[in-house]
Amino acid sequence: MRTSQLLLPTLREDPGEAETVSHRLMLRAGLIRKVAAGIYTYLPLGLRTIRKVETIIRQEMNRAGAQELLMPIASPAELWKETGRWDYYGKELIRFKDRHERDFCLGPTHEEVITDLFRREVRSYRQLPLNFYQIQTKFRDEIRPRFGLMRGREFIMKDAYSFDADETDAKASYQKMYDAYTRIFTRCGLTFRAVEADTGLIGGEVSHEFMVLADTGEATVVYSNQGTYAANVERAEVLPPTEADTSPQRPLTAISTPQRRTVDEVTRFLKIAPRQLVKTLLYKAEKETIAVLIRGDHDVNEVKLARLLRVTEVELASPEVVKTLTASPLGFAGPVGLRNVRILADHAVKSMRNFVVGANQADTHYVDANWNRDFTIDQFADLRNAQSGDPSPRGEGTLTLAKGIEVGQVFLLGTKYSKSMNATILDDQGKERLAIMGCYGIGVGRTAAAAIEQNHDDKGIIWPFPIAPFHVHLLPLGQSSAVADATTNLYATLQQAGLEVLWDDRDERAGVKFNDADLIGAPFQVIVGDKGLAEGLLEIKARKTGEKIKVGPADVPMKILQLASLMHSSR
RNA sequence: CGGGGCGUAGCGCAGCCCGGUAGCGCGCCUGCUUUGGGAGCAGGAUGUCGGAGGUUCAAAUCCUCUCGCCCCGACCA
């Protein structure tokens with residue numbers, strides 16, 4: 001492709017709207033343009049990379065036995081009402097009415113639609129296992145779209161849905177997808193990690209997220225320095241402490257802590273460590289209010305709390321509720337004398353003695369509080385976020401925290417959707433059974449963005465070969481007929497060798513072409529100039545290393561293919 | 001939804017406090033020179049100053065409303 005025939009608006013300066021690397025580079029290199037918040041046009045170059053990611057996904061999904069179909073973007077409310085998600089999904093589900101005032105939504109995911117198809121069309125266990133996938137535009141009205149394609153409202157997703165006759169088969173289907181995902185992200189040139197994950201809005205029993213490790217990631221993952229344990233921090237289990245404080249209990253004493261409300265203020269004032277304090281958080285869980293006790297240096301994990309309480313969501317109680325229940329201003333809530341609420345405590349509290357708590361009285365805390373003596377705890381549980389240095393829940397090594405970009409997630413759903421939508425098949429006894437489902441998503445644009453986060457330098461993108469919009473950027477320098485002839489020939493021979501070539505045929509100075517080429521990030525640049533041609537040589541520059549190799553014109557395609565396959569095998 | 005910030009030429013920004021009819025850099029167009037890491041000279045085009053209303057002789061600038069975008073937060077009492 002010649003640049004003169006391509007809409008390729010590169011920007012010299014960073015656009016004001018972009019903060020993160022991938023967002024900035026996608027705009028500067030002319031891959032995307034914003035249409036509205038979280039909604040983008042893919043320009044020709046950006047689309048080429050998107051299509052390549054899709055092709056890799058397609059190949060691996062087909063290879064794993066999934067079959068491609070395409071569902072509609074718009075779907076009727078009735079299906080969503082069957083599973084309860086018409087209400088449950090909340091504002092993220094964008095809704096509209098057609099001309100007959102019928103309710104519709106734009107699909108944020110397609111469990112309902114595929115399950116509806118399945119129950120209409122599939123009768124027998126003999127037809128299973130089945131796995132359907134599509135690559136399609138999704139719409140989720142995100143609270144806060146950001147970072148370009150990283151968190152858009154409209155985005156391209158590959159979603160797959162497996163149907164099996166029993167748990168064993170379903171697990172096999174899940175594992176197939178897990179393996180396919182591993183191949184897909186490896187082929188895309190990403191450094192990633194599969195981590196245990198929470199199942200969130202989608203639901204189900206088992207789930208893994210595929211995380212591309214990058215500082216700009218929105219998710220936090222923990223992984224063990226030994227063994228294979230890795231999990232999203234939302235999910236990561238925390239073991240109860242093995243040692244308990246056995247020092248003698250001192251008498252409970254109220255002390256004045258004027259205006260000291262936060263953990264930081266109180267511990268500073270009392271000259272104690274945060275780990276000697278127990279904070280009391282009041283949570284609203286559907287209709288109930290719950291008190292959660294947590295060590296001062298720990299964070300409540302609301303996902304764990306919600307799961308324990310068997311509710312979909314918890315949120316901190318409003319200041320009014322807190323004031324009423326504790327009969328005191330904010331900042332002084334404590335378990336001693338707290339009535340009318342259940343008191344839950346994180347495991348870590350169990351091993352503590354003589355700790356500080358709020359006194360449910362203005363400007364007052366208790367020191368030397370002890371559970372069971374001064375107040376009763378209804379239940380101990382794992383309620384905190386894992387921290388760096390915590391022992392691995394699998395008993396091997398300690399945990400480290402890292403940031404990750406979630407590019408894919410796989411779920412073993414069980415019967416969550418087949419049950420609510422009555423998707424059944426007949427088993428070998430002629431008995432009706434619910435299909436066991438799994439679902440599997442990949443963010444296509446996000447995968448491309450994550451690749452940029454992991455592969456760039458201060459000059460621009462450094463595309464992994466398999467998803468580069470072009471393999472070779474052909475850069476003729478100067479206007480001599482020797483350069484023109486050599487370039488024309490080379491363009492043809494490179495293409496004959498199966499390489500995708502972007503030919504910069506603009507009448508620009510060398511510096512402009514070099515800088516644009518570095519920005520766009522094709523893995524190889526081929527420089528055709530009078531200087532080299534005088535010696536009968538051309539230059540191949542590897543974008544990643546900056547290394548330049550001089551070769552004769554006839555050897556260029558072969559040399560590039562060689563270098564590319566080296567790049568592959570070194571991964 | 002809360003807090004902060006920003007909307008002025010295609011892009012990046014100044015001008016706004018202190019009202020007087022819009023500017024800089026890059027890009028774009030024409031010509032000449034130049035041509036291996038973002039060229040030089042000369043000439044040129046481009047703005048309903050996000051929108052609506054108000055104050056004023058006069059509004060990019062002051063006031064009110066509104067729309068859009070970005071960032072942080074939406075959890076620790």
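Throughout, a chain's letter reflects where its sequence line sits, starting with A, and its residues are numbered from 1.
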Participant: Taking CG in A:Asp215 as the centre, count heavy atoms belonging to other residues, nucleotides or ligands within less than 6.0 Å. Is the count above 12?
Facilitator: no
Participant: Could you tell me how far B:U55 sits from B:G68 if I compare only their P atoms? Round to whole Å.
Facilitator: 27 Å
Participant: With A:Arg268, which residues qualify under side-chain contact (heavy atoms from CB on, under 4.5 Å), at least two apart?
Facilitator: A:Asp264
Participant: Could you check whether atom CD of A:Glu547 has more than 12 heavy atoms from other residues, nucleotides or ligands sitting under 6.0 Å from it?
Facilitator: no
Participant: State the pairing partner of B:C75; accept Watson-Crick or G-U wobble contacts with both distances under 3.5 Å, and report none otherwise.
Facilitator: none
Participant: For residues 520-536 of chain A, pull every pair meeting side chain to side chain donor-acceptor pair (under 3.5 Å), keeping only residues two or more places apart or in separate chains.
Facilitator: A:Ser480-A:Asp530, A:Asp518-A:Gln525
Participant: Could you tell me whether the side chain of A:Ile156 reaches within less than 4.5 Å of the side chain of A:Tyr42, counting heavy atoms only?
Facilitator: yes
Participant: For B:C24, give the paired nucleotide (Watson-Crick: N1-N3 plus N6-O4 or O6-N4; G-U: N1-O2 and O6-N3; both under 3.5 Å), or none.
Facilitator: B:G12
Participant: Taking only the C1' atom of each, what is the distance from B:C70 to B:U56 in whole angstrom?
Facilitator: 34 Å
Participant: Roughly how many Å apart are B:G50 and B:C17, using the P atom of each and rounding to a whole number?
Facilitator: 15 Å
Participant: With C1' as the reference atom in both, quote the distance from B:A39 to B:U35 in angstrom, rounded to an integer.
Facilitator: 8 Å
Participant: Under a 4.0 Å heavy-atom cut-off, which of residues 300-307 of chain A touch RNA chain B?
Facilitator: A:Val300, A:Glu302
Participant: Under 3.5 Å, side-chain donor or acceptor atoms of residues 15-22 of chain A against the rest of the protein: list the pairs with distances, not counting sequence neighbours.
Facilitator:
residue : atom : partner  : partner atom : Å
A:Ser22 : OG   : A:Glu453 : OE2          : 2.7

Participant: Using purine N1 to pyrimidine N3 plus N6-O4 or O6-N4 for Watson-Crick, or N1-O2 and O6-N3 for G-U wobble, each under 3.5 Å, what pairs with B:A39?
Facilitator: B:U33
Participant: Using a cut-off of 4.0 Å on non-hydrogen atoms, how would the nucleic acid contact of A:Thr326 be classed: base, sugar-phosphate, or nothing?
Facilitator: nothing
Participant: Which part of the nucleic acid, if any, lies within reach of A:Val322 when heavy atoms closer than 4.0 Å are counted: base, sugar-phosphate only, or nothing?
Facilitator: base
Participant: What does nucleotides 67-72 of chain B look like as a protein-contact string, B for base, S for sugar-phosphate only, - for none, at under 4.0 angstrom between heavy atoms?
Facilitator: --SSBB
Participant: Counting Watson-Crick and G-U wobble pairs only, both distances under 3.5 Å, name the nucleotide matched with B:C62, or none.
Facilitator: B:G54
Participant: What integer number of Å spans the P atoms of B:C65 and B:G2?
Facilitator: 15 Å
Participant: Within the 4.0 Å heavy-atom criterion, would you say A:Leu282 contacts the bases, only the backbone, or no part of the nucleic acid?
Facilitator: base
Participant: Using atom CG of A:Leu281 as one end and atom P of B:C76 as the other, report the distance to the nearest whole Å.
Facilitator: 8 Å
Participant: Could you tell me the separation between the CG atom of A:Asp299 and the C1' atom of B:C76, rounded to a whole number of Å?
Facilitator: 7 Å
Participant: Using both distances under 3.5 Å as the test, list the Watson-Crick or G-U wobble partner of B:C17, or none.
Facilitator: none
Participant: Between B:A60 and B:G54, how many Å separate the two P atoms, rounded to a whole number?
Facilitator: 15 Å
Participant: Considering only the C1' atoms, how many Å lie between B:C1 and B:G27, rounded to the nearest integer?
Facilitator: 40 Å
Participant: For A:Leu293 and B:C75, what is the distance between atoms CG and C1' respectively, to the nearest whole Å?
Facilitator: 16 Å
Participant: Taking all heavy atoms of A:Ala362 and all of A:Phe332, pick out the closest pair and write down the distance.
Facilitator: CA-CD1, 4.3 Å
Participant: Does any donor atom in the side chain of A:Asp516 or A:Thr10 lie under 3.5 Å from an acceptor atom in the other side chain?
Facilitator: yes
Participant: In whole Å, measure the gap between the P atoms of B:G25 and B:U66 for me.
Facilitator: 39 Å
Participant: Rounded to the nearest 0.5 Å, what's the gap from CG on A:Asp555 to CD1 on A:Ile560? Could you check?
Facilitator: 11.0 Å
Participant: Identify, with sequence neighbours excluded, every residue that meets side-chain contact (heavy atoms from CB on, under 4.5 Å) alongside A:Glu265.
Facilitator: A:Arg260, A:Arg261, A:Thr262
Participant: Contact list please: residues 339-355 of chain A against RNA chain B, heavy atoms, distance less than 4.0 Å, in numerical order.
Facilitator: none
Participant: Rounded to whole angstrom units, what separation is found between the CD1 atom of A:Ile143 and the C1' atom of B:A74?
Facilitator: 7 Å
Participant: Give the rounded distance in Å between these two atoms: NZ of A:Lys91 and C1' of B:A74.
Facilitator: 13 Å
Participant: Does some side-chain heavy atom of A:Val300 sit less than 4.5 Å from a side-chain heavy atom of A:Val292?
Facilitator: yes
Participant: Sequence neighbours left out, what passes salt bridge (charged side-chain N to carboxylate O under 4.0 Å, His left out) with A:Lys284? Give chain and number order.
Facilitator: A:Glu315
Participant: Please write out each protein N/O paired with an N/O of nucleotides 22-25 of chain B under 3.5 Å, distance rounded to 0.1 Å.
Facilitator:
residue : atom : partner : partner atom : Å
B:G25   : N2   : A:Glu13 : OE1          : 3.0

Participant: Tell me which nucleotide, if any, is Watson-Crick or G-U wobble paired with B:C49 when both distances must be under 3.5 Å.
Facilitator: none
Participant: Could you tell me how far apart A:Glu315 (CD) and B:C76 (C1') are, to the nearest whole angstrom?
Facilitator: 15 Å
Participant: Out of the candidates A:Thr487, A:Leu477, A:Thr488, only one should pair with A:Val528 under the side chain to side chain contact (heavy atoms under 4.5 Å, CB included) rule; please name it.
Facilitator: A:Thr487
Participant: Which residues pass the salt bridge (charged side-chain N to carboxylate O under 4.0 Å, His left out) test with A:Arg353, sequence neighbours left out?
Facilitator: none
Participant: Please report the shortest heavy-atom distance between A:Asp297 and A:Gln387, naming the atom on each side.
Facilitator: O-NE2, 2.7 Å
Participant: Would you give a per-nucleotide map of nucleotides 29-38 of chain B, 5' to 3', where B means the base has a protein non-hydrogen atom under 4.0 Å away, S means only the sugar-phosphate does, and - means neither?
Facilitator: -----BSBBB
Participant: CD of A:Glu218 versus P of B:A74: gap in Å, rounded?
Facilitator: 13 Å
Participant: Start with the C-alpha gap between A:Arg342 and A:Asp378, add the side-chain angles, then the distance that decides, and say whether salt bridge (Lys or Arg N to Asp or Glu O under 4.0 Å) holds.
Facilitator: CA-CA 6 Å; A:Arg342 263 203 294 163; A:Asp378 293 290; over 6 Å; no
Participant: Can a donor-acceptor pair be found between the side chains of A:Asp368 and A:Thr253 at a distance below 3.5 Å?
Facilitator: no
Participant: Could you pull out all residues at least two apart from A:Lys548 that satisfy side-chain hydrogen bond (donor to acceptor under 3.5 Å, both in side chains)?
Facilitator: none
